[in-house]
Amino acid sequence: MMFADRIDAGRRLAAALAAYRSRHPVVLALPRGGVPVAAEIAQALAAPLDLLLVRKIGLPWQPELAIGAVVEGAEPLVVRNEALIRSSGVGEEAFQLVCRDELAEIERRRARYLGGRQPVPIAGRVAVVVDDGIATGATMKAALRALRRRHPAELVLAVPVAPADVLEELRIEVDTLICLATPEPFGAIGHFYRDFAQLSDAEVIATLARFPPGAPPKAH
């Protein structure tokens, strides 16, 4: 399956999630790439849109390799890949340094993207977590575990594309999982989009502005 762009992926996911409209869900996006996908879903479901801010904790000398992840919150949740931490020889001080840097980036993003907007209440509601795809699943696993702490009535993971083996690992973290394509071999998420351009902060902010707190989403 090939998606034209993130908007196309979001519209296809929205169709698969149509039954949730009557349950008044909250849609949460992993920025930046998950925001335009989630916006289409939130628009179709007449749902509020919020962010779920999570950052990979990478090896200090190889940042793209995740040794953990950290998620925002009053008590930030840190998920550690202990096997990789041990095998790479990363000390606790080095791990905590990277973790603090990523928490600072999370705070920067929330302030920039949402300003003073308060997080949408999740307790007792259906929470739909959205990204533009999943590769290793490390950051998504951390995000789902953190969201579970907020006591949603149902936790739904909705993504356009992901590897089947990663989805199996994530299935136990959610109540419902919707993924439109599980191609093998997988490669990279961008291989399944004709347009997979990186989003800017300005584009994220403009998209979120269509979903003011306490008001129905604006058409675009």
Side-chain angles (χ1 to χ4, degrees), residues 3 5-17 20-21 24-56 69-73 77 105-115 117-122 125-135 137-148 150 152 154-162 170 173-174 176-180 189-190 193 196-213 215-218 220:
F3 303 99
D5 53 21
R6 292 180 178 90
I7 290 174
D8 174 43
R11 287 174 178 168
R12 294 200 214 181
L13 273 174
L17 291 159
Y20 282 97
R21 183 182 172 101
H24 309 293
V26 177
V27 178
L28 298 112
L30 272 66
R32 299 186 184 94
V35 172
V37 183
E40 295 302 315
I41 296 169
Q43 183 78 45
L45 302 185
L49 176 63
D50 202 356
L51 299 183
L52 189 51
L53 292 163
V54 54
R55 296 285 296 175
K56 174 175 62 180
V70 59
V71 192
E72 66 169 338
L77 176 69
E105 175 61 15
I106 283 174
E107 289 304 314
R108 185 199 73 81
R109 287 191 174 201
R110 177 158 285 281
R112 180 160 174 74
Y113 295 160
L114 295 171
R117 268 169 62 162
Q118 294 299 306
V120 177
I122 299 298
R125 302 182 69 175
V126 175
V128 182
V129 179
V130 181
D131 205 353
D132 55 10
I134 299 173
T139 51
M140 181 59 78
K141 183 180 292 186
L144 294 170
R145 288 181 179 178
L147 193 58
R148 184 68 83 180
R150 293 165 65 182
E154 182 178 346
L155 183 51
V156 180
L157 172 59
V159 292
V161 61
L170 293 174
E173 306 288 345
V174 298
T176 305
L177 193 156
I178 296 173
C179 181
L180 302 180
I189 296 168
Y193 287 83
F196 197 64
Q198 184 172 347
L199 269 76
S200 66
D201 281 356
E203 289 172 299
V204 171
I205 293 165
T207 300
L208 291 170
R210 292 171 29 213
F211 298 84
K218 300 174 184 176
H220 65 107

Revision key, fill the gap. With sequence neighbours left out, the residues meeting side chain to side chain contact (heavy atoms under 4.5 Å, CB included) with Ala127 are Leu28, Ile122, Leu147, Pro152, Leu155

Atom [atom1] in [X], atom [atom2] in [Y]: separation rounded to 0.5 Å?
| X | Y | atom1 | atom2 | value |
| --- | --- | --- | --- | --- |
| Met140 | Leu157 | CE | CG | 5.0 Å |
| Cys179 | Leu13 | SG | CG | 8.0 Å |
| Leu51 | Arg117 | CG | CZ | 7.5 Å |
| Glu40 | Leu45 | CD | CG | 11.0 Å |
| Leu52 | Thr139 | CG | OG1 | 10.0 Å |
| Ile189 | Arg6 | CD1 | CZ | 9.0 Å |

Show the nearest heavy-atom pair for residues [X] and [Y], with the distance to one decimal.
| X | Y | result |
| --- | --- | --- |
| Ala16 | Leu180 | CB-CD2, 4.3 Å |
| Phe211 | Ala42 | CE2-CB, 3.5 Å |
| Pro121 | Val26 | O-CG2, 3.9 Å |
| Ala146 | Leu77 | N-CD2, 3.3 Å |
| Leu17 | Ala158 | CD1-CB, 3.9 Å |
| Ala29 | Leu49 | CB-CD1, 4.3 Å |

Check your understanding: Is there a side chain to side chain contact (heavy atoms under 4.5 Å, CB included) between Val174 and Leu144 once you walk through the steps?
Key -> CA-CA 7 Å; Val174 298; Leu144 294 170; 3.7 Å; yes

Exercise for review: Would you please name every residue forming a side-chain hydrogen bond (donor to acceptor under 3.5 Å, both in side chains) with Tyr113, sequence neighbours left out?
Suggested key: Arg32, Asp201

Report yes if some heavy atom in the side chain of [X] is under 4.5 Å from a heavy atom in the side chain of [Y]; otherwise report no.
| X | Y | result |
| --- | --- | --- |
| Asp132 | Phe196 | yes |
| Arg125 | Val120 | yes |
| Tyr193 | Asp8 | no |
| Val54 | Ile106 | no |
| Leu53 | Pro31 | yes |
| Arg150 | Pro119 | yes |
| Leu199 | Pro36 | yes |

Practice item. Quick one: list whatever passes ring pair (Phe, Tyr, Trp, His ring centres under 6.0 Å) with Tyr20, sequence neighbours left out. Key: none

Review point. With the threshold set at 4.0 Å, does a side-chain nitrogen-carboxylate oxygen contact exist between Arg148 and Glu173?
Key: no

Review point. Any salt bridge between Arg110 and Glu107, counting N to O under 4.0 Å?
Key: no

**Study point:** Any donor-acceptor pair under 3.5 Å from Glu203 side chain to Ser200 backbone
**Key:** yes

**Study point:** From CA spacing to verdict: side chain to side chain contact (heavy atoms under 4.5 Å, CB included), Val130, Val159
**Key:** CA-CA 6 Å; Val130 181; Val159 292; 5.9 Å; no

